[in-house]
Protein chains: 2
Amino acid sequence: MTSATDSRAHDAEVSAALRARGGRVTSQRLILHRALRELDRHATAEELLRVASERLPNLSLPTVYATLELFEELGVVRRVAVGSGPVLWDPRPEPHQHFACRRCGRILDLDVRVRAGAAIEAARAAGHAPDGAQLLVMGLCDACSRDT
Amino acid sequence: MTSATDSRAHDAEVSAALRARGGRVTSQRLILHRALRELDRHATAEELLRVASERLPNLSLPTVYATLELFEELGVVRRVAVGSGPVLWDPRPEPHQHFACRRCGRILDLDVRVRAGAAIEAARAAGHAPDGAQLLVMGLCDACSRDT
DNA sequence: GTCGCTGCAAAGTATTTGCATAGCC
DNA sequence: GGCTATGCAAATACTTTGCAGCGAC
C-alpha cells in the first residue's frame, strides 16, 4: 500500500533525479511518477494517461511518451517490448522477468532472478556499455494452455 | 556460405515442417525462407520484402507478416522486439542473445548462452507452458559510447 | 474441386514531430 | 527572462484486416 508519506518521499526522490539531470520538476512528471508507483505493474502509455488524467486533466499523450522515456533514462521504469501490441512500462524496482503469452498476449511477472552476468560481460567485451538486461519467456499462459 | 545444395536441403526441411502443420508449400514461403537463411541476421519485414521481391516481384507485405508468424510457430525464426522501431526476425539457429543500443537503435548479436532454466521453470510452476526465452541487454554500443 | 494462401487496398493502432505557449529555475 | 516542457494537431511508422481470385493438394 502506498501512503501519502511514501508519495512525498518518492516525489523528493524523482525531483532530485530530475534536477541532477538538468531537467525540470513539473506536475506532469510528478503525477506520472505517482501513477506509475501506485499501479505497481506494467502499463501502456495510454493506461497511464487515463490514470494520470484524473488528476491532471489536460495531460497529453506526447507528454506521457516523453516522460516515460525520461524516466527510463533515470532508471525509474523499464521498457518491456513484446512485439505484439504496445510497449509496456514497468515500475517494479525488484529484479524480475516477464512471461508473454503467444495466444492472448498477456504479460505476467516471473518473480525470479536470472544470472545475466555472462551476457552483460560479453557485451562489455565487445566494446559496448551495457546498463541493464531483461529476459522474456514466451509460450502459452495458464489459461490459454488449458483450453487449447 | 550457402550453396545451391544447401538451399535444396533447407527447402525440403521447411516443406516437411509446413506439411506436418497442415500448411501448404508455396513459392512465397520457400523464397522467404531462403532470403532469411541467406541474410543470416535479424531483419525487418520490409527488408525481407525487398530482398525476396527480387525473386518474386509481386510478393506483398501482408504475406511477409503472415509467413514470418507462421515460421515463428515452426521454430524457423525468432521474433525480437526492442520497443523502438520495428520488430526484427532472427533466423540464426544457434542460441544467442541480443544487445540493443539505446542511442542509435542498432541490434547486435551476443554469442553467449544464458541459463534461462530458472525463469522457464518459474513459468512452468506458475501453470504456464513456456516454449522459449530470450535475453535483451541494453546500453550504449561500441560506437555510441565513444562519442558521448 | 476444395480450401488455404496471396495480393491489393484500406483501416487501425502506436508513436513521433512541429510549433506556439506556459511555467520552472 | 531564458529556455525547457507541454499541449494540440498532424504526420508517420508499423501492422492487421477484408475480400476476391489463384493455386497447392
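In what follows, chains carry the letters A, B, and so on, assigned in the order in which the sequence lines appear, proteins first and then strands, with residues in each chain numbered from 1.
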To the nearest angstrom, how far is [X] atom [atom1] from [N] atom [atom2]?
| X | N | atom1 | atom2 | value |
| --- | --- | --- | --- | --- |
| B/Arg21 | C/dG4 | CZ | C1' | 15 Å |
| A/Leu59 | C/dA22 | CG | C1' | 15 Å |
| A/Leu30 | C/dG23 | CG | P | 15 Å |
| B/Glu46 | D/dT15 | CD | C1' | 10 Å |
| A/Leu70 | C/dC24 | CG | P | 16 Å |
| A/Leu49 | D/dT6 | CG | P | 13 Å |
| B/Leu56 | C/dC5 | CG | P | 16 Å |
| A/Leu18 | C/dC24 | CG | P | 13 Å |

> Should B/Glu38 and B/Arg55 count as an ion pair when the cut-off is N to O under 4.0 Å?
Replying inline: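 Yes, B/Glu38 and B/Arg55 are salt-bridged.
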
> Would you call B/Asp111 and B/Arg92 a salt bridge, taking side-chain N to carboxylate O under 4.0 Å as the test?
Replying inline: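 Counted as a salt bridge, because a side-chain N and a carboxylate O are separated by less than 4.0 Å.
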
>> Does a side-chain N or O of B/Tyr65 approach OP1 or OP2 of D/dT15 to a distance below 4.0 Å, or not?
In response: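 For B/Tyr65, the contact criterion (side-chain N or O under 4.0 Å from OP1 or OP2 of D/dT15) is met.
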
>> Between A/Gln28 and C/dG23, is there a contact of a side-chain N or O with OP1 or OP2 at under 4.0 Å?
In response: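 Looking at the OP1 and OP2 atoms of C/dG23, neither is under 4.0 Å from any side-chain N or O of A/Gln28.
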
>> side-chain hydrogen bond (donor to acceptor under 3.5 Å, both in side chains) for B/Asp109 and B/His98? Distances and angles first, verdict last.
In response: CA-CA 5 Å; B/Asp109 282 352; B/His98 294 105; 3.3 Å; yes

>> Taking the nucleotide of DNA chain D with the nearest heavy atom to each, does A/Ala66 or B/Ala45 sit closer to the 5' end?
In response: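 Whichever sits nearer the 5' end wins; that is A/Ala66.
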
>> If you apply the rule side-chain contact (heavy atoms from CB on, under 4.5 Å), what do you find for A/Val64 with A/Leu32, and how did you get there?
In response: CA-CA 8 Å; A/Val64 174; A/Leu32 279 170; 4.2 Å; yes

In residues 66-74 of chain A, what donor-acceptor pairs under 3.5 Å come from side-chain atoms, sequence neighbours left out?
| unit_1 | atom_1 | unit_2 | atom_2 | d |
| --- | --- | --- | --- | --- |
| A/Thr67 | OG1 | A/Thr63 | O | 2.7 |
| A/Glu72 | OE1 | A/Arg79 | NE | 3.4 |
| A/Glu72 | OE1 | A/Arg79 | NH2 | 3.0 |
| A/Glu72 | OE2 | A/Arg79 | NE | 3.2 |
| A/Glu72 | OE2 | B/Arg102 | NH1 | 3.1 |
| A/Glu73 | OE2 | A/Arg21 | NE | 3.2 |
| A/Glu73 | OE2 | A/Arg21 | NH1 | 3.0 |
| A/Glu73 | OE2 | A/Arg21 | NH2 | 2.8 |

> After noting the C-alpha distance and the side-chain angles of A/His10 and A/Arg37, does the key distance pass the side-chain hydrogen bond (donor to acceptor under 3.5 Å, both in side chains) rule?
Replying inline: CA-CA 9 Å; A/His10 291 129; A/Arg37 285 204 67 88; 3.2 Å; yes

> Checking side-chain contact (heavy atoms from CB on, under 4.5 Å) for the pair A/Val25/A/Arg19: CA distance, chi angles, key distance, verdict?
Replying inline: CA-CA 7 Å; A/Val25 179; A/Arg19 290 213 176 82; 3.8 Å; yes

Output the single nucleotide from [options] whose closest atom is nearest the side chain of [X].
| X | options | value |
| --- | --- | --- |
| B/Leu61 | D/dT15, D/dT6, C/dT6 | D/dT15 |
| A/Asn58 | D/dC8, D/dT15, C/dA14 | D/dC8 |
| A/Ser60 | C/dC5, C/dG7, D/dG7 | D/dG7 |

>> Just to be sure I understand the geometry, which residues of residues 72-88 of chain A put a non-hydrogen atom under 4.0 Å away from DNA chain C?
In response: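 Heavy-atom cutoff 4.0 Å gives A/Pro86, A/Val87.
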
Can you check nucleotides 17-24 of chain D for protein contacts, nitrogen or oxygen pairs under 3.5 Å, and list what you find?
| unit_1 | atom_1 | unit_2 | atom_2 | d |
| --- | --- | --- | --- | --- |
| D/dG23 | N2 | B/Arg24 | NH1 | 2.3 |

> Considering residues, nucleotides and ligands other than A/Arg41, do more than 12 of their heavy atoms fall under 6.0 Å from its CZ?
Replying inline: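 Yes, CZ of A/Arg41 has more than 12 neighbouring heavy atoms, counting only those of other groups under 6.0 Å.
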
> Which part of the nucleic acid, if any, lies within contact of B/Gly23, taking any heavy atom under 4.0 Å across all strands shown: a base, the sugar-phosphate backbone alone, or nothing?
Replying inline: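 Touches sugar-phosphate only.
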
> Does B/Leu136 share a hydrophobic cluster with A/Val137, counting links as ILVMFWY side-chain heavy atoms below 4.5 Å and allowing steps through other members?
Replying inline: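 Per the 4.5 Å side-chain linkage, B/Leu136 and A/Val137 are not co-clustered.
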
>> Does A/Gln134 form a side-chain contact (heavy atoms from CB on, under 4.5 Å) with A/Arg78? I'd like the steps, not just the answer.
In response: CA-CA 9 Å; A/Gln134 59 184 289; A/Arg78 289 199 302 158; 3.5 Å; yes

